[in-house]
Every structure is written in structure tokens, then in C-alpha cells.
Amino acid sequence: MKKNSSGIEIKEIYTEFNGEHVPAGQFPYKRGIRNDMYRGRLWTMRQYAGFSTAEESNKRYHYLLDQGTTGLSVAFDLPTQIGYDSDHAMSEGEVGKVGVAIDTLSDMDTLFKGINLEQVTTSMTINATASTLLCMYVALAKQQGADLSKIGGTIQNDILKEYAARGTYIYPVRPSMRIITDIFEWCSLELPKWNTISISGYHIREAGSTAVQELAFTLANGKAYVESAIAKGLDINVFGKRLSFFFNAHNDFFEEIAKFRAARVLWAQIMKDLGATDPSAMMCRFHTQTGGSTLTAQQPENNITRVTLQALAAVLGGTQSLHTNGYDEALNLPTEKAARIALRTQQIIGYESGVVNTVDPLGGSFYVEALTESMAAKAQELMAQIDLMGGAVSAVEQGWMQEEIARSSYDFQKSMERKDQIIVGVNQFQTQETGAMPSFKIDDSIRQQQSEKIQQIKNQRNAENVKKALENLSDSCKNEQNVMPKILESVESLATLGEIADTMRNVFGEYQIH
């Protein structure tokens, strides 16, 4: 009996489909959120990039824009993600390693030097400190004289999956949920085109979940954010339009396509059940990234083929935005050559393959339609379990979601060891590796450079203004006021990211694993 990663039995042949035909652009959007999909416009071609200092990352952004990237996607280093300045003892050995180090508004200015923020959309993979990085971006846009109503982009801002799968959290769950709804509220007034959250299944899948778990846990987390915003008194038809999702694309081609189609159907029904009436508030818009955990250090050129299959699945599944991984990422940060090949992969799919010429070209396939229904049904079963626990927040607090992901990861590893799951070049078809791959490593001296910049900013800024801004932020945290205006005030006074995070830590505390 053949089964896919989610345990769904795959028949030898499919001979019928009894489902209802609904065109793309109509509820529940199984075939796509727009009636013309890529005939109207292609997906946004992003390349996730960020490393070392803001100066170095800025050079890569200009390179990618010159190569035809249509949207920027920022990777931040671990200290930035968990609210430590580069000169903090906890930052040692990590500054600039997995992303760019951003300590102050000055760094953000350097990061986007020569880039008009009105003319590019920017996605930022940031969660615990998303509020601060967004305020830095807004402060920079104001310095550029930009019209904030025209500023577009996305912050990931999805803290629940951090507790469940990734680990870059700071504050306890409930205060973190409050900060997220504060962002929803503030952006609806100040940044109407900004996507206030990218509810992420990507990292859930990277941690070892199945495709169905990725689908179910992501949508359950999304439902929790919506319920929290409704409880705050926000209008689902307003903030619902600015919600987006972030999914993984793995190697099981048809399973991934079915997952994306099922996601739109399930989310549309969830939003309708929660009271949404505006069609735009029911649409599941999503960014996709090819599967980082599927990349192999052995025979790394094979990763070009893997990424191509994954990217094609994302396009056939109807993604709105796509990042393709560099083939060398199992070894180091992507070189310029690897990043260019990854971008060219998207461009070849978009401009040469012909798959964009019609909407949902696999719609009506007996197999794809049956698989879409099966994926949706199994995801609904998991979401029903989460509802019985009191919702995603409770499921995370109880550790249930984490345990389910860990179990699936263990099962996959065992299947590899038994060779039930073949990974080309790893447990089958191995070759003797010869020759070194070009590498791209970050020097530890970056920390010293960043520390010197921080000290320079502290010497130049008005210390009294910083102190007052941080006191105001502390008060807003204690008094249940929206924290965003005070974070922006702190950023503009040149408070560091670490100072802002510490101010909030002093009020909210830190999350403790039980």
C-alpha cells in the first residue's frame, strides 16, 4: 500500500471526481484567489537574504533587484530575533551569522540605502521583535518622505509557531498574543497596505511535521490570532484582509499542490464561520519557500532539481509569493551564484514553462481533486482535536503540538534509516565526493563592528529622550495601551533593539518551557 507523508493511501488509479466545480476567484477559492491568477500577474519573486552587516546585505539586495527580484525578503540574525543587541554577552558567536544584524534605526537606514520603500515590497522574517523591526521600517519610510498608505510588505509576526517549532520567542504566550493584536490594530490605521502577520507553516514543516500537520497547525494558529483580534474589538473584515500565510514546499509534488488548494478552502470556511463577510477577508494569501530541510550536503547540485520541483508545485498550487533556496544552503549561506540560479529557476517557470497560461491547470485531475479532499479532511480532524483542547494557544501551552511534530520527525528519520524513504545521494545512490564547494562564511569580527556602531549611536543620541521614550513604552505595556506608538517613539529616539526588548521583558517576563 502506497502512502504519502501524511499517511494518506494513494490508489493505483483514480477514476472519478464528484466534487462541485467552483471557478477561481470565488468562495472557497480552491482554484485560486483571483479569477485570472498568473495571467493577470505573476507571483512576487522574492529571494530571502540577509547576512553580516547592513552594508553587506544592502549590496546583496541591490544585486538581487538588478537580477530581476520583484520583492525583498529580510533574514535577521539570532540576536536580533530574540531581542539582544550585538554587544550583549548572549550574542557572542551569532552576530550576522544566519541573517543581518540590526541594532538601531541607523542599521535599518543602511540596510535599505538606495532603495525606495514606496516602490518595493519587503517581507521580514521576524517574530518576537517584529513590532520593533516594523517600527524601524516605518521610521525609515518617514525619513524618506514616503506616504505610509503606500508602504507594502509583510512581517512574519507569528509567535505561536515559535513556541511549537522554532524557539525564537521572548515573552510568555499571552503577552505575545497581545502585542500581535496591537500590531493588527495599529497597522489598520497607519499602514493599510501592510500584511500584519504571515502565519507560518514553514518552520513547523522544517521541524519535522507532515504536510497535513503543517496545514492543520498553521490554520489553527491563524484561527487563534483571529479570535484574539475579535476579542480586542477589531473588525474581522478589516484586519482579515491583511492576514497572510507562509507555507513550505517539499518533494512530494502532488501532496504539496493538494495542500495549497486545501488551505484556501479550509481558511475561507474558518473565516466565514468567525463572521467574515468581505470576500477579501476570507482569502488565504500565501508566500511559499522551498524546503530547506530537504536540501542535502551530499551531491549538493541535486538540490537544484529538488528546488525546481518544489517551486513548480508552489506555482501549480497558486502561491502569491515565492522564495527558492540556493543549492548550497546545506553547507553555508548561499553564494551569489547559488542565489542567481535559484532566482532564475523561478523566472524559467514563470516565463518559459507555460504553466502560467491557464488558471489551476491541474484542477479536475481525479488524483489532485481526491488528494485535496483527503488533505482537507485529515487537517480538519487535527483542528478538531485542537479545538477540544481550547484552541492553539492551549495546545502550545500544553506541549501537545510540539510533541506531535517531534513524533513525526522521529518517524521520518526511522523511515530513512530503513530506506523506506529514499533520499538520493544520502541513503541511496551515494558517490565519493571530490572537490570543495565554494563557501560563504561570516567572520566573527562582525560583532566588534556592530558593537562599535552601537556605542557611537549611544554617544551621539539624546540620552534623556531615550530614557523618556522607554519609560513611556513601559507604561503602555503595564496599562494595556497599544504598544506600537511608544515603540515607534523609542526607535526614533535611537533606542536600541535590545533596550526596547528589555523594557518589555521587565513588564512581561520571559517564556519558560515547562
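Throughout, residue positions are numbered sequentially from 1 according to the sequence presented.
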Output yes when a side-chain donor or acceptor of [X] lies under 3.5 Å from a complementary backbone atom of [Y], and no otherwise.
| X | Y | result |
| --- | --- | --- |
| T70 | M45 | yes |
| R166 | H203 | no |
| Q421 | Q413 | no |

Can you name the residues that form a salt bridge (Lys or Arg N to Asp or Glu O under 4.0 Å) with [X], not counting sequence neighbours?
| X | result |
| --- | --- |
| D420 | R418 |
| R41 | none |
| E256 | R205, K259 |
| E185 | none |

Between A262 and L215 the two heavy atoms that sit nearest each other are CB-CD2, 4.0 Å
Minimal heavy-atom distance between T218 and G201, with the atoms involved, is OG1-CA, 2.9 Å
Between [X] and [Y], do the side chains contain an N or O donor and an N or O acceptor separated by less than 3.5 Å?
| X | Y | value |
| --- | --- | --- |
| Q289 | N248 | no |
| T335 | D328 | yes |
| Q26 | R31 | no |

Output, in order, the C-alpha distance, side-chain angles, deciding distance and verdict of salt bridge (Lys or Arg N to Asp or Glu O under 4.0 Å) for R178 and D182. CA-CA 6 Å; R178 174 202 157 179; D182 280 357; 3.5 Å; yes
Can you tell which of T294, T296, N325 makes a side-chain hydrogen bond (donor to acceptor under 3.5 Å, both in side chains) with R306? T296
Which of these passes side-chain hydrogen bond (donor to acceptor under 3.5 Å, both in side chains) with Y225: D158, T196, T181, N157? D158
Residues in side-chain contact (heavy atoms from CB on, under 4.5 Å) with D273, at least two apart? Q269
Taking only residues two or more places apart in sequence, or in another chain, which ones meet N195 in a side-chain contact (heavy atoms from CB on, under 4.5 Å)? T154, R242, S244
According to ring-ring contact (aromatic ring centres under 6.0 Å, His included), who are the partners of [X], at least two apart in sequence or on a separate chain?
| X | value |
| --- | --- |
| F260 | F286 |
| Y367 | Y14, F254 |
| F112 | Y137 |
| H287 | F246 |

Hey, can you pull the donor-acceptor pairs under 3.5 Å for the side chains in residues 128-135, sequence neighbours left out?
residue, atom, partner, partner atom, Å
T129, OG1, T80, O, 2.9

Are the side chains of [Y] and [X] in contact, using a 4.5 Å heavy-atom criterion?
| X | Y | result |
| --- | --- | --- |
| E118 | I151 | yes |
| F247 | S198 | no |
| F217 | L160 | no |

Under 3.5 Å donor-acceptor pairs involving side-chain atoms of residues 376-389, not counting sequence neighbours:
residue, atom, partner, partner atom, Å
D387, OD1, K223, NZ, 3.3
D387, OD2, K223, NZ, 3.3

Show, in sequence, the C-alpha distance, side-chain angles and deciding distance for Y29 and W267, and conclude whether the ring-ring contact (aromatic ring centres under 6.0 Å, His included) test is met. CA-CA 9 Å; Y29 312 106; W267 185 247; over 10 Å; no
